[in-house]
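In what follows, a single structure is set out as C-alpha cells and then discussed.
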Amino acid sequence: MDGRQHVKKLPNRTVCSWPKADYPSQRIYMDYAGPADVYMFLVIVDSFSNWLEVKVMKSTTTYNTIRSLRGIFSRNRLPQVVLTATSHSLYQKNSMIL
C-alpha cells in the first residue's frame with residue numbers, strides 16, 4: 001500500500017511578492033532571532049540595499065525594542081513600511097506602538 005493515498009491535497013495558493021523598493025528605508029523587515037545564551041537579536045533588513053542591522057538585546061520588552069529602533073532610525077531614516085512577524089514586543093495593550 002502506498003502512503004500517498006492518504007495524503008490530503010493542499011489548496012492552490014497564489015504567491016504574491018512585494019514590489020522592488022525604490023530607495024533606502026522605503027521598506028524594512030524586522031524580527032527577533034535567538035535566544036543565544038541569555039541574548040536575543042533584533043534583526044532589521046532594508047529591502048532596497050539588503051543592509052543588515054543587528055542589535056544584541058538582553059531584554060525584548062516593548063520599551064527596549066522602541067529604544068533600540070529609535071537609535072537605529074536616528075542613524076538612518078524612518079522607514080515608510082515596516083514588515084514584521086507578530087511580536088509581543090511591538091504591541092502594547094492591543095495598540096501597535098510603531
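Numbering starts at 1 and runs along the sequence shown. Just so you know, these numbers come straight off a predicted model, no measurement behind them.
Taking both residues in full, the closest heavy atoms of Phe41 and Ala36 are given as CE1-CB, 3.7 Å, listed atom of the first, atom of the second, then distance. In plain terms, the two heavy atoms of Gly34 and Met40 that are nearest each other are C-SD, 3.6 Å. Minimum heavy-atom separation, Pro19 to Arg27: O-NH2, 2.7 Å.
Remark: Arg70 CZ to Thr65 OG1 distance equals 12.0 Å, nearest 0.5 Å.
Here Tyr39 pairs with nothing under the side chain to side chain donor-acceptor pair (under 3.5 Å) rule; sequence neighbours left out. Scanning for side chain to side chain donor-acceptor pair (under 3.5 Å) contacts around Arg75 gives Glu53, with sequence neighbours left out.
Trp18 and Phe48 are not part of a single hydrophobic cluster, where members link through side-chain heavy atoms under 4.5 Å apart. Residues Val38 and Val56 fall within the same hydrophobic cluster, defined by Ile, Leu, Val, Met, Phe, Trp and Tyr side chains chained together at heavy-atom separations under 4.5 Å. Hydrophobic clustering (side-chain heavy atoms under 4.5 Å, transitive across Ile, Leu, Val, Met, Phe, Trp, Tyr) groups Val82 together with Tyr32. Hydrophobic clustering, with ILVMFWY side chains joined whenever heavy atoms are under 4.5 angstrom apart, groups Leu78 together with Leu42.
A donor-acceptor pair under 3.5 Å is absent between the side-chain atoms of Thr84 and the main chain of Asp31, judged by distance alone. A donor-acceptor pair under 3.5 Å is absent between the side-chain atoms of Asp46 and the main chain of Pro24, judged by distance alone.
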Q) Would Ser47 and Gln26 satisfy side chain to side chain contact (heavy atoms under 4.5 Å, CB included), going step by step from the backbone distance to the final call? A) CA-CA 8 Å; Ser47 68; Gln26 180 180 10; 5.7 Å; no
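For the 3.5 Å distance criterion, the side chains of Ser59 and Asn64 qualify, holding a donor opposite an acceptor.
Shown are Val43, Leu69, Ile72; of these, the side-chain contact (heavy atoms from CB on, under 4.5 Å) with Met30 is made only by Leu69.
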